[in-house]
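Owing to the predicted nature of the structure, the values given are computational and were not obtained by experimental measurement. We count ligands from 1, going down the list as the structure has it; atoms in each ligand are counted the same way.
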Amino acid sequence: MPALTTFVATLALLSVTANSTPVDHTAAVQKRGFSLTQVERGYFVKSGPAQIAKTFRKFGKAVPARVLAALEAVENGTAPAVPADENDAFYLAPVTMGGTEVQLNVDTGSADLQLAGHEYYKATVSASKQLADSTFRINYGDGSGAGGKVYVDKVVMGGVTATSQAIGAATSVSTAFQRDQQTDGMLGLAFSELNKISPEPQKTWFDNVKAALPAPLFAVALKYHAPGTYDFGFIDKAKYTGDITYVDADSRRGYWGFNASSYKVGTGADKPGTIKAIGDTGSTLLYLPAVIVQDFYSQIEGSTDSATEGGYIFPCDAMVPDLSITVGGIPQIVPGEHIIWAPVDEAKTMCFGGVQDGTGIASFSIFGDIFLKSKYVVHELSETPRLGFAQQAGV
Ligand SMILES: *[C@@H]1O[C@H](CO)[C@@H](O)[C@H](O)[C@H]1NC(C)=O
Ligand SMILES: *[C@@H]1O[C@H](CO)[C@@H](O)[C@H](O)[C@H]1NC(C)=O
């Protein structure tokens, strides 16, 4: 009997608490989404081999010798100087960590919040914020990598706070990684299964805050030659045209995976065939199966798969067809203009293509920024995660 009495009393207390303080109700009303706009953080030299090498490393694969040779030639200064292209700025997202603003690269293709080459936690934060005995380690296929200690801190984006966010702060960074240090770090928005913290993988920022958002989703609208936006918790109808086409997302590998069902080059025939893919804001280019890439460039006069440049190039003044990829039965079009990615010589005679052969990087195609910059892409963490695609308004 005493046990039962205690139980009843506890119940009564709970119900009184709930009735007298409208906590749940207030919390529901306060749920709000927000839109995060990227900020321009300077310019970067658009190097095709550097981007391809970065993607191989990100997916844990050794960089092919011919890409390394092309990269070395650029770095040694033996390759022709690439003109500074004022149009391709580097865009980052402002994030507040424990009271300090940092600029992070928001990456839907990884799942760590990671500060790279940054002294922030060494200098200013007490050891009490360290997640004891945890470490993070990211390995690249060539034996290089990044690793360090793990901290727990308050991380705010757009007024939405994760109070206990795990942050990997690099203490050792190999040179291959250091080459890419225009950012303070990365904020990963893939599935927490990909998290590189051990012994216990930790949740992503989105996983930590999703219950506080009106809907468990974020929508990415990267832009061509302009800062893009990330809408958290809501869908902005003004940012796309037509309907959003939803497909199941395959999260088994921790990525935002999906299937495309056909492709079309320009006004040519639609060519059916499953393209297994992931969306990845952290990869610059669009990596597709060799056969599709060959077919695409066969439609561009003067194009060649260049050993010197480490990828497909073509005359900068060529007529570049649109590339249409069917997802959920609806064609998603990448404008040809977006595929003229970067001049490889000072005279801007030849240009490095935004579509490249993804052979050897992963068992799936990687739909990076070249694909995303004309799309509004909804990432929804419902019971079965799904992706929604629409053509961006005004593209
Ligand atoms: C780049 O420089 C390194 C060191 O000087 C040299 O070993 C390498 O052969 C050079 N590579 C190219 C492609 O020029
Ligand atoms: C993609 O297609 C493959 C078959 O080619 C299938 O096994 C897989 O379940 C599909 N994935 C999704 C997310 O629909």
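Using modelled atom types, one finds no donor on one side chain facing an acceptor on the other under 3.5 Å when comparing T274 with N259. For the 3.5 Å distance criterion, the side chains of D236 and Y376 fail to qualify, holding no donor opposite an acceptor. Inspection of the D112 and S110 side chains reveals no N or O donor paired with an N or O acceptor under 3.5 Å.
Under a cutoff of 6.0 Å and an axis angle of 45°, K375 and F371 form a cation-pi pair.
Distance check for atom 11 (N) of ligand 2: a protein heavy atom is found below 4.0 Å. Proximity of atom 14 (O) of ligand 2 to the protein is indicated by at least one non-hydrogen atom lying closer than 4.0 angstrom.
For atom 2 (O) of ligand 2, the choice among T274, L387, N259 with the nearest heavy atom turns out to be N259.
With ligand atoms numbered from 1 in the order given, ligand 2 contributes 13 (C) to contacts under 4.0 Å with heavy atoms of D248.
Polar contact with ligand 2: absent for D250 (N/O pair, distance under 3.5 Å).
Ranking protein heavy atoms by distance to atom 9 (O) of ligand 2, first place goes to R252 NH2, 4.6 Å.
Residues T108 and W256 approach most closely at O-CD1, 3.7 Å, considering heavy atoms.
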